[in-house]
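Some notes on the structure that comes next.
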Amino acid sequence: MTKISGFSKFSKDEKIAWLTTKYFDNAQKARELLQLYWNSDLKLQKLHDEFSENTISNFYLPFGVAPNFTINNKVYAIPMTIEESSVIAAASKAAKFWNDKGGFSAKVIDTQKVGQVHFTYAGNFSTLKDFFHKNKAQLLKETENITANMVKRGGGILDLELRDKTKDLENYYQLYCTFETLDAMGANFINSCLEQIASSFKNLAIQQLDDKKPQVIMSILSNYVPNCIAHAEVSCPVADLLDEKEEAKLFAQKFVEAVKIAQIEPYRAVTHNKGIMNGIDAVILATGNDFRAVEAGVHAYAARNGQYSSLTQASIENGIFKFWIEVPLALGTVGGLTSLHPLVKLALEMLGKPSAKELMQIVAVAGLAQNFAALKSLVTTGIQEGHMKMHLMNILNQFQATNSEKEKVIEYFKSHTVSHSSVVKVLENIRNGA
Ligand code: MEV
């Protein structure tokens with residue numbers, strides 16, 4: 001198709017005019033659709049335009065809420081941004097299920113983040129080691145301008161190590177740095193510190209190392225945060241799981257078996273964890289956090305023992321059913337979108353303006369609740385029954401059903417099994433007056 005140079009310099013109108021005339025049969029219709037999604041509040045629209053680049057419209061996602069979540073004896077209404085039907089309904093159901101069984105308990109295990117200066121060095125390792133140890137304090141000192149505020153609040157750089165990676169890649173070493181970034185996700189802070197360390201490291205090497213000089217390749221945070229972990233759990237006597245005692249026992253056994261399958265079988269583990277991420281991503285998006293960073297870190301963590309495995313675990317011991325999750329979550333409740341996006345601010349207020357640690361616990365609970373709801377359906381009725389009921393509205397909207405058509409179709413499917421074709425047929429019958 002057509003190429004263009006200088007596109008980013010165009011005004012928004014010019015971008016749309018160029019794009020719609022080049023790529024659409026009906027330029028006017030395409031333009032009108034893009035404009036339909038603009039916000040009439042120009043200030044708000046400008047704010048959204050400036051979140052990223054080459055913006056031409058807004059892309060809406062539903063913003064919903066799952067109420068009645070009891071976490072550590074506090075009740076939350078959890079904001080969730082997600083396009084998939086059934087997810088919020090499932091979370092709400094899980095919240096309600098656990099409410100009269102003591103709710104969820106959660107804690108933060110650790111909050112350590114990681115960044116690395118990756119470099120090569122062809123000289124002698126002991127020379128490099130001596131050089132590093134001699135200069136470590138100076139390397140840290142030269143970050144003080146960047147770290148001063150964070151240190152004042154109790155965070156900052158935790159440690160800086162030299163790591164020899166030459167067994168894996170010739171001449172490859174790292175300055176491996178750990179951070180405490182408190183309520184900030186900390187990406188900018190970490191990257192600024194790393195770039196400063198890299199620059200100091202280079203300068204000191206020029207002054208002090210005679211022969212071979214280290215070559216800095218790159219300095220960047222890691223989204224793998226196996227020491228920034230939240231734990232959430234639920235437990236109750238097996239007999240309390242369902243009304244009927246024998247059914248409850250069978251349910252608990254099948255549930256635990258389903259989790260074990262996800263622990264040893266990667267095909268199942270991926271879908272199992274995908275369900276967990278339905279809950280986690282939805283809260284992360286609503287609270288303005290970086291879901292790609294969390295996704296990448298979570299899946300690496302799920303494979304930390306060499307095989308991709310379940311993030312959750314379950315047990316039955318002495319008649320007690322226990323179900324828990326441990327998940328790496330590098331989250332922020334200050335900085336970034338959290339102070340810019342009005343709906344993110346609203347979401348955080350809905351949660352009682354949590355600290356990053358509290359948000360980690362809420363997000364872990366959302367993931368656990370989602371997994372509980374999915375497994376509960378899977379080992380009992382199957383997921384399609386509930387899922388298709390929720391999907392019904394999507395099908396009706398796809399066929400532009402009127403309110404009265406929707407009412408009739410929903411009534412009909414209260415006592416019939418939903419499938420795409422059966423919904424279409426019933427709708428057709430209504431439209432044909434049958
Ligand atoms: C669908 O989005 C998520 C599930 O497939 C998760 C699971 O199978 O555990 C229902």
Side-chain angles (χ1 to χ4, degrees), residues 1-2 4 6-66 77-89 91 184-185 187-188 277-296 331-351 353 359 363 366 390-391 393-401 403 406:
M1 281 275 206
T2 324
I4 180 148
F7 184 74
S8 65
K9 306 268 180 325
F10 284 6
S11 70
K12 186 158 139 186
D13 284 337
E14 287 166 339
K15 285 183 185 114
I16 292 174
W18 180 83
L19 203 73
T20 51
T21 46
K22 298 282 181 222
Y23 285 86
F24 294 85
D25 294 336
N26 188 333
Q28 165 123 2
K29 219 169 138 201
R31 191 162 49 240
E32 279 170 10
L33 185 61
L34 289 169
Q35 286 173 354
L36 186 66
Y37 282 86
W38 286 1
N39 201 294
S40 55
D41 178 335
L42 295 182
K43 230 171 114 194
L44 191 64
Q45 185 52 55
K46 191 164 180 293
L47 181 75
H48 282 266
D49 286 344
E50 288 174 359
F51 282 148
S52 67
E53 305 77 36
N54 290 347
T55 41
I56 51 175
S57 191
N58 306 307
F59 192 96
Y60 291 178
L61 285 175
F63 179 77
V65 57
I78 301 189
M80 298 178 85
T81 299
I82 185 150
E83 87 299 346
E84 185 175 331
S85 57
S86 300
V87 169
I88 297 181
M185 192 271 192
N188 276 331
M277 298 316 287
N278 278 343
I280 289 185
D281 282 340
V283 187
I284 292 205
L285 263 173
T287 57
N289 276 279
D290 182 341
F291 64 92
R292 287 86 55 211
V294 170
E295 281 277 348
L331 303 181
T333 53
V334 298
L337 267 201
T338 60
S339 49
L340 289 176
H341 195 302
L343 279 177
V344 167
K345 282 203 256 183
L346 182 137
L348 288 168
E349 191 170 341
M350 194 190 297
L351 289 172
K353 302 194 177 150
L359 184 61
V363 169
M390 303 304 292
H391 191 49
M393 199 50 81
N394 284 349
I395 305 173
L396 289 172
N397 285 334
Q398 188 189 340
F399 286 89
Q400 282 152 14
N403 282 344
K406 280 179 184 168

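This structure is a prediction, so every number in the text was calculated from the model and none was measured.
- Here Gln400 pairs with nothing under the side-chain contact (heavy atoms from CB on, under 4.5 Å) rule; sequence neighbours left out.
- Checked against the 6.0 Å centroid criterion, the rings of Tyr60 and Tyr37 qualify as a close aromatic pair.
- Annotation: side chain of Val294 is in contact with side chain of Ile280 (closest heavy-atom distance under 4.5 Å).
- With sequence neighbours excluded, the residues satisfying side chain to side chain donor-acceptor pair (under 3.5 Å) with Lys12 are Asp49.
- Judged as a side chain to side chain donor-acceptor pair (under 3.5 Å), and not counting sequence neighbours, the contacts of Glu32 are Gln28.
- Note that CG of Leu359 is 4.5 Å distant from OG1 of Thr287, once rounded to the nearest 0.5 Å.
- Listed by chain and number, the residues in a salt bridge (charged side-chain N to carboxylate O under 4.0 Å, His left out) with Glu50 are Lys46 (sequence neighbours excluded).
- Counting heavy atoms from C-beta outward, Ser8 and Glu53 have side chains that stay 4.5 Å or more apart.
- Atom CG of Leu19 and atom CD of Glu14 lie 13.0 Å apart (nearest 0.5 Å).
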Got a list of side-chain donor-acceptor pairs under 3.5 Å for residues 337-349, not counting sequence neighbours?
unit_1	atom_1	unit_2	atom_2	d
Thr338	OG1	Gly335	N	3.1
Thr338	OG1	Gly335	O	2.3
His341	ND1	Leu343	N	3.1

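- Of all heavy-atom pairs between Ala282 and Ile82, the closest is CB-CB, 4.0 Å.
- Checked against side-chain contact (heavy atoms from CB on, under 4.5 Å), Ala77 has the following partners two or more places apart in sequence or in another chain: Val65, Met350.
- Taking CZ of Phe63 as the reference point, atom CD1 of Ile88 lies at 9.0 Å (rounded to 0.5 Å).
- Scanning for salt bridge (charged side-chain N to carboxylate O under 4.0 Å, His left out) contacts around Glu84 gives Lys274, with sequence neighbours left out.
- With respect to the salt-bridge test (charged N to carboxylate O, under 4.0 angstrom), the residues Arg292 and Asp290 qualify.
- Residues satisfying the ring-ring contact (aromatic ring centres under 6.0 Å, His included) test with Trp18, not counting sequence neighbours, are Phe7, Tyr23.
- Between the side chain of Asn397 and the backbone N or O of Ile395, no donor-acceptor pair lies under 3.5 Å.
- With sequence neighbours excluded, no residue forms a salt bridge (charged side-chain N to carboxylate O under 4.0 Å, His left out) with Lys406.
- Side chains of Leu331 and Met185 form no contact here, defined as non-hydrogen atoms less than 4.5 Å apart.
- Residue Ser57 holds its OG atom at 7.5 Å from CG of Leu33, rounded to the nearest 0.5 Å.
- No donor-acceptor pair closer than 3.5 Å links the side chain of Gln45 to the backbone N or O of Trp38.
- Applying the side chain to side chain donor-acceptor pair (under 3.5 Å) test to Asp281 and every residue at least two apart in sequence or in another chain returns nothing.
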### Query
How far apart are the C-alpha atoms of His48 and Asn39, what are their side-chain angles, what is the distance that settles it, and do they pass the side-chain contact (heavy atoms from CB on, under 4.5 Å) test?
CA-CA 9 Å; His48 282 266; Asn39 201 294; over 6 Å; no
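- Thr333 contributes atom OG1, which lies 10.5 Å from atom CG of Leu351 (distance to the nearest 0.5 angstrom).
- In terms of heavy-atom proximity, Ala366 sits nearest to Val283 at CB-CG2, 3.7 Å.
- Under the rule for a side chain to side chain donor-acceptor pair (under 3.5 Å), Asn188 has no partner lying at least two apart in sequence or in another chain.
- Take Thr20 and apply the side-chain contact (heavy atoms from CB on, under 4.5 Å) test, not counting sequence neighbours, and it matches Ile16, Phe24, Ala27, Ala30, Arg31, Leu34.
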### Task
Before giving the answer on side-chain contact (heavy atoms from CB on, under 4.5 Å), spell out for Phe10 and Ile4 the whole-Å C-alpha distance, their side-chain angles and the decisive distance to 0.1 Å.
CA-CA 11 Å; Phe10 284 6; Ile4 180 148; 3.5 Å; yes
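- Distance CG/Leu285 to CZ/Phe291: 5.0 Å, rounded to 0.5 Å.
- Under the 4.5 Å side-chain criterion, counting only non-hydrogen atoms from C-beta, Val363 is not in contact with Ile78.
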